[in-house]
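Comments concern the structure below.
Not measured: the values here are computed from a predicted model. The figures that follow rest on heavy atoms only: side chains count, while hydrogens, waters and symmetry mates do not.
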Amino acid sequence: DVKVTQSSRYLVKRTGEKVFLECVQDMDHENMFWYRQDPGLGLRLIYFSYDVKMKEKGDIPEGYSVSREKKERFSLILESASTNQTSMYLCASSMGQKIHQPQHFGDGTRLSIL
Amino acid sequence: QKEVEQNSGPLSVPEGAIASLNCTYSDRGSQSFFWYRQYSGKSPELIMFIYSNGDKEDGRFTAQLNKASQYVSLLIRDSQPSDSATYLCAVKGDILTGGGNKLTFGTGTQLKVEL
């Protein structure tokens, strides 16, 4: 089974802090994704990566950056956390360019910015 | 903007009935279609996917795809209280137009299976 592990289930940070969310997958997947999920807005893609050191902006990249130094690890960085970044953050991974490959999700990190 | 539309619900069905969840999408070039189940406070888990027109069955679940109408549905037979969750429809675009790596999600339909 695919295992996507997010470093924290719950996280509380203060406004202005630099926040790191970590995600690791164990299936040698090429693609990794970061989403946030908010009530009524569904899942929104922040950034994704299809290879080591490669990244592409999703639909809502403002205020975020990412890092992918190793294939199995994809980090989301909140450069200067703000209260409107309080949300559930979900990491996912998928195999290559094969069009019928699903994304597999980690357990999520519920982030609160005070 | 590529869109995936779902009725937010809640859809209430009695135990043992068939639950029918529907999804429409705007990108005619979409290639693959996925259904995820999400329990409250948990992350989405894949139920099944479909990419050819027609029906695909997996246990109590049947996915139906009609590309001409840009419509995909999920049927749950013999609904159980444990099926109560939010069901997310996700659509994967066309590799040739750069959408092949990404999924576009609907906002989900909440299903309640009542005793």
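Per-residue counts of heavy-atom pairs under 4.5 Å with chain B were compared for Pro39(A), Gly108(A), Pro102(A), Gly42(A); the largest is that of Pro102(A).
Heavy atoms closer than 4.5 Å to chain A are found nowhere in Phe33(B), neither backbone nor side chain. For a residue to count as touching a neighbouring chain, one of its non-hydrogen atoms must lie under 4.5 Å from one of that chain's; by this rule Arg44(A) does not touch chain B. Contact annotation for Ile50(B): neither backbone nor side-chain heavy atoms come within less than 4.5 Å of a heavy atom of chain A. Neither the backbone nor the side chain of Glu45(B) comes within contact range of chain A, judged by heavy atoms closer than 4.5 Å. With a threshold of 4.5 angstrom between heavy atoms, Glu56(A) does not approach chain B through any atom at all.
When atom types are taken as modelled, the side chain of Lys92(B) and the backbone of Gln101(A) share a donor-acceptor pair closer than 3.5 angstrom. Gln6(B) places a side-chain N or O within donor-acceptor distance of the main-chain N or O of Gly108(B), the cut-off being under 3.5 Å.
Using a 4.0 Å cut-off between charged side-chain N and carboxylate O, Lys57(A) and Glu62(A) make no salt bridge. One finds a salt bridge joining Arg36(A) and Asp38(A) here, because a Lys/Arg side-chain nitrogen approaches an Asp/Glu carboxylate oxygen to under 4.0 Å.
Here the straight-line distance linking atom CZ of Phe61(B) with atom CD1 of Ile47(B) works out to 5.0 Å at 0.5 Å rounding.
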